[in-house]
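The structure appears below as structure tokens.
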Amino acid sequence: MLERIDELRAEAEAQIAAAQTGAELEEARVRHLGRKAELPNLLRGVAELAPEERGKVGKAANEARTALEALVEERLAAMESAELDARLAGDRVDVTLPGTPAQPVGRLHLLTQTRREIEDVFIGLGFVVAEGPEVDSVYYNFDALNHDPAHPARARTDTFYVDDDTVLRTHTSPMQVRYMEAHPPPIAVIIPGRVYRRDQVDATHSPHFHQVEGMWVDEDVTLTDLKGTLLAFARAIFGEDREVRVRPHFFPFTEPSVEVDVSCFKCARGGSPCSVCKAEGWIEILGAGMVDPNVFEYVREHGYDPDRVQGWAFGMGIERVAMLKHEIPDLRLFYENDLRFLEQFG
Amino acid sequence: MRVPLTWLEQYVDPGLPLRELGDRLTMTGTKVEALHHHGVGSTDGFVVGRVLSAEQHPDADRLSVCMVDIGEAEPSQIVCGAPNVAAGQVVAVARPGAVMPDGTKLGKAKLRGVESAGMILAEDEVGIGTGHAGIMELDVQVPSGTPLDSVLPIATEVLELEITPNRPDCLSVYGIAREVHAATGAALATPPWADDPHPAGDGIDGVSITVDCPDLCPRFTARAYENVTMGPSPLWLKARLMAAGQRPISNVVDITNYVMLLTGQPLHAFDLDRVAGGSLVIRRAKDGEPVTTLDDQVRTLDADMVVIDDADGPTSIAGVMGGARSEVGDDTTRVLMEVATWDGPNINRTSWRLGLRSEASARNEKSLSPRMAMDAQAVASALMVELCGATPVGGTIDVGGPGPDPEPIAYRPARVGELVGVPVADERQAELLRAVGCEPSTTLDAVTPPYWRRDVYREADLVEEVARLDGVDRLPATLHAPFRAGGLSPAQRARRRAEDVLVGRGFYEIMGWSFADDTLLEQLRVPAGYPVVRIENPMSEREGIMRPAILGSVLQAVAYNLARGVAEPRLFESGHAYEPSQDGGLPSQQHQLIGVLVGRDATVLGAKAHVEAVLGALRVPVRYEQTDRPMLHPGKGGAVLHEDEEIGLFGEVHPLVARAWDIEVPVAAFKVVLDRASELAPETTLYRDVTSFPALRLDLAVVVADDVPAAQVVEVVETAGGALLERAEIFDVYELGEGRRSLALHLAFRAADRTLTDEDVAPVRDAIVAALAEQVSGELRA
């Protein structure tokens, strides 16, 4: 009986292995493992055998059937796999064609990108972001910023007036006083926004442009902190090996006042003679200084006693930063909105 | 401010290379804008010569052939075109090879066949004057061949300096000398006004001065001269004026300019014989009063301007410009020299109201110290005698006087360290303060500023002086974080997100112009009378208002790019529109997001899809309504409502609006009021359990009349669906014709505490069907 099982198994294995198609394999399965096949019937007949035979024969027949079933599965999987390979091999697309449907790519305006970049640097340094009105009062734009009544910036040749008491802000600085009125010290804030000056349009002037104001007031904030903060800023925006230079200057609402230059990155990139810094080695990027005590006097009742608090403020031009960083030769490009320009950035 | 180095060196000579001197000035607050070279390119080849003979050129009437001794063995033959050349003259000669002010190198030339080895010079040819009528005759006793620059200032370096508005004292050569002294420690010469040669006395016979408005004219001084010989200034003075950027005119006028450039104090010379009655009255002008100024223009004054009258009426606009009637001229023999102090803000106002800015007004508008008036009188007095042969008449009329001495300022030297971050020793502070003319007390608890520094009157001003001179650039950079984490506000984050959504959908951001004009409203078909913010003094008529809408800016950018071959630009702007205040307060600005689509996508629902994307990203719940706006297609426009507040619009742009920008292809646009949307966006959302119990979904198709808005059908379904209906959305529309259409909806039902069964949902579905039938005459589609 055991020999017969071996025989059946060998015969079946041969036929399964020989099967080339699904149909042949199925035929082999039916013939050797189907309802009428000998091996399953042998198993069904085990009960009729002598008791000492039952164990051995049953075990052998069962093993044979399991092995054959596994073999069929294996062959089937191999055939399907080969069939899939053949089908896929014939199904080929030229992947160098463009994607479809085309997904348009948009971009932020370079000035928005630059503004966000500046915002993010100062956010990383612990500042919050605020905004304010572009049409503002003479009080906030000039008076509360300690501008002399004869300060030339007040002239109608320089500043847009809506009426005698209202101007298009000439800088983001009116938000210094507005912000202090609304927030008791300490404060650390930057204020980006659009500002207006009566300049004829040319390669470096526009009657409106954008600034970022920065202000940090606490009890012990010093000029060295200003230098450190602006150095961190300059390196984040213009490269890690930048240096800053601080020069005394004058602004009505800071004292001491300084202008801040950044070491020329174009020279560092190797351009001679340098068109960016005009061979000076330094590029002016912003004005700053310690908040003038007269400015604090305007917000004394809001917690800014000039004998108790001190701090600094700065203002820089966003167009200028973008022009320097991206080597843009003409400010007018920002407002022409030519897609051939816009698509180059971001 | 242009400062010729050779002039400056008369008062301070730090012995530094020019560039180093410039750096010191820059780093102490007087920024060098540029370094110029004035005059001849190099002093080599310029010599003193003697004209030995001057003969008529054989072939040219106007040329002379001269033999000129230039200190060499043989005289040089030079052809000269000047009518005044004559034998015996001492002249300035440029030899072949000399580099002229414009950089050209002189060569040997042949003029009408006669060789010429160089050139006999006129003053304009070496930049020391404007005259070209004849050659310069030098009044010097030096051997021929002497280098010309030893007797004439034919070349100087010039520092062009940026003077900040707080430092009118630096609008002068001596003022810059003081700064150089403070910045370098180099010795400062005594001021040029140290000796006043003028006769003492407080009156001038035949001259009277009355100041009617002492508030606007704190000091008025006058001196008189007779026997004045009008004529050109000497070459050294012309050369200094030219290098400083001022044209020489005549000796008396040049003296006023020269003294102003030297001291910073403007002066005005009257022809005393043309001052009617010899009397001057300083008074406020009358409204509409005309004055003819030096430049022969008639200016109309107002009651806040100050005029100087003589017996015949106005003769000059105080502190700004003299009058034509009393101007000095060739026949002048008596001069009245006015040096006065004016109220700065008043002068500033007058000069911008009249559109009249002068070197004088630029200084007078800074409220100069009254003391400077006598400084200038002293220098002018010496020059009037020296250069014009004038004789002083009487003493000095001084109305108002020098005013009080500067007050000591209470000072705490420790403030320097506290503000700047690095302390400066008291001795060093005292040294620096003295260098700028301050007088510190021995304990440094009080510091008296010099009279010329009216900008220094507080402790903070003294701290600044110490800090700038000690060197702010030497300060260390310290970095520590403020008192809290930085960040964007939730609304600012939402705004960035909204912009990023559009960028992600292929939009390019543009930046439009804030200015517009009234035609913008016509172009947008907005009815006349729409309120706008008007600018009183725009750059041009076309920029007279602040834009009340951004759509025009974006359409303009669309037109610009269409014209440059971009097929279907997709643009947006995230910016401000402006609106006048209703209650007399400040105008307001609204941050809006305006998008424009062109071409195939430019449909009303195409535009709406972007609004849905933006507001969906921000999670702002809204509904939509049909609307009719002037700039939109009347049947294809929608409003975006949050509760009952309109926070957006969308639609196809009205063809007439598109045509106003020459756009002939379909255009659709949308607006989201970003100020509001970013506020309405939730800052934080909380978890809802949507996985424990599944939703039960079913679809419904309902047939309604085609004038029933889809949104109304959804609203009916939502109301009837009650708490179990989680979501209802339209996924298909089928036009049946005859004014009817079928809307297919996906419905999702969910309960938070159990899995819903068909039995749970059946009554809700029935309620929905009933509500549709009742409220919109809807029938289920078979």
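Atoms considered below: every heavy atom in the structure, side chains included; atoms not considered: hydrogens, waters and symmetry mates. Note that this is a predicted model, so its numbers are computed, not measured. Chain identifiers are assigned alphabetically (A, B, ...) following the order of the sequence lines, protein sequences preceding nucleic acid strands; residue numbering begins at 1 within each chain.
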Are more than 12 heavy atoms from other residues, nucleotides or ligands located less than 6.0 Å from atom CZ of B:R497?
no
Taking only distance into account, with no hydrogens and no angle test, what donor-acceptor pairs under 3.5 Å do side-chain atoms of residues 226-236 of chain A form with protein atoms, sequence neighbours excluded?
residue, atom, partner, partner atom, Å
A:K227, NZ, B:D473, O, 2.9
A:K227, NZ, B:L475, O, 2.6
A:T229, OG1, A:D225, O, 2.8
A:R235, NE, A:R242, O, 2.8
A:R235, NH2, A:R242, O, 3.2
A:R235, NH2, A:E243, OE1, 3.4
A:R235, NH2, A:E243, OE2, 3.1

Does B:R600, at its CZ atom, have more than 12 non-hydrogen atoms belonging to other residues, nucleotides or ligands within less than 6.0 Å?
no
Nearest heavy atoms of B:P569 and A:L339, plus distance in Å
CB-CD1, 4.0 Å
Less than 4.5 Å apart, side chain to side chain, heavy atoms only: is that true for A:V128 and B:L488?
no
Nearest heavy atoms of B:Y560 and A:N337, plus distance in Å
CD2-O, 4.3 Å
Determine the minimum heavy-atom distance between B:W513 and A:S206, stating which atoms define it.
CH2-OG, 3.5 Å
Looking at B:W352 versus A:H151, is the centre-to-centre ring distance below 6.0 Å?
no
Please state whether the side chain, the backbone, both or neither of A:D338 comes within less than 4.5 Å of a heavy atom of chain B.
both
In this structure, which one of B:R496, B:E509, B:E499 forms a side-chain hydrogen bond (donor to acceptor under 3.5 Å, both in side chains) with A:T112?
B:E509
Of all the heavy-atom pairs spanning A:T166 and B:P587, show the shortest one and how long it is.
CG2-CD, 4.2 Å
Using 30° and 60° as the class boundaries, would you call the ring planes of B:F515 and A:H208 parallel, tilted or perpendicular?
tilted
Distance-only polar pair, side chains of A:N294 and B:R458, donor-acceptor under 3.5 Å
yes
If one checks every heavy atom of A:F127 against chain B at 4.5 Å, the contacting part turns out to be both
Residues of residues 136-143 of chain A within contact distance of chain B, non-hydrogen under 4.5 Å:
A:D136, A:S137
Donor + acceptor pair across side chains of A:R194, B:S514 (<3.5 Å)
yes
Quick check on B:R484: does its CZ atom have over 12 non-hydrogen neighbours (other residues, nucleotides or ligands) under 6.0 Å away?
yes
Closest heavy-atom contact between B:Q492 and A:V129?
NE2-O, 2.7 Å
Is there a salt bridge (Lys or Arg N to Asp or Glu O under 4.0 Å) between B:R412 and A:D307 once you walk through the steps?
CA-CA 12 Å; B:R412 294 166 292 176; A:D307 276 326; 3.6 Å; yes
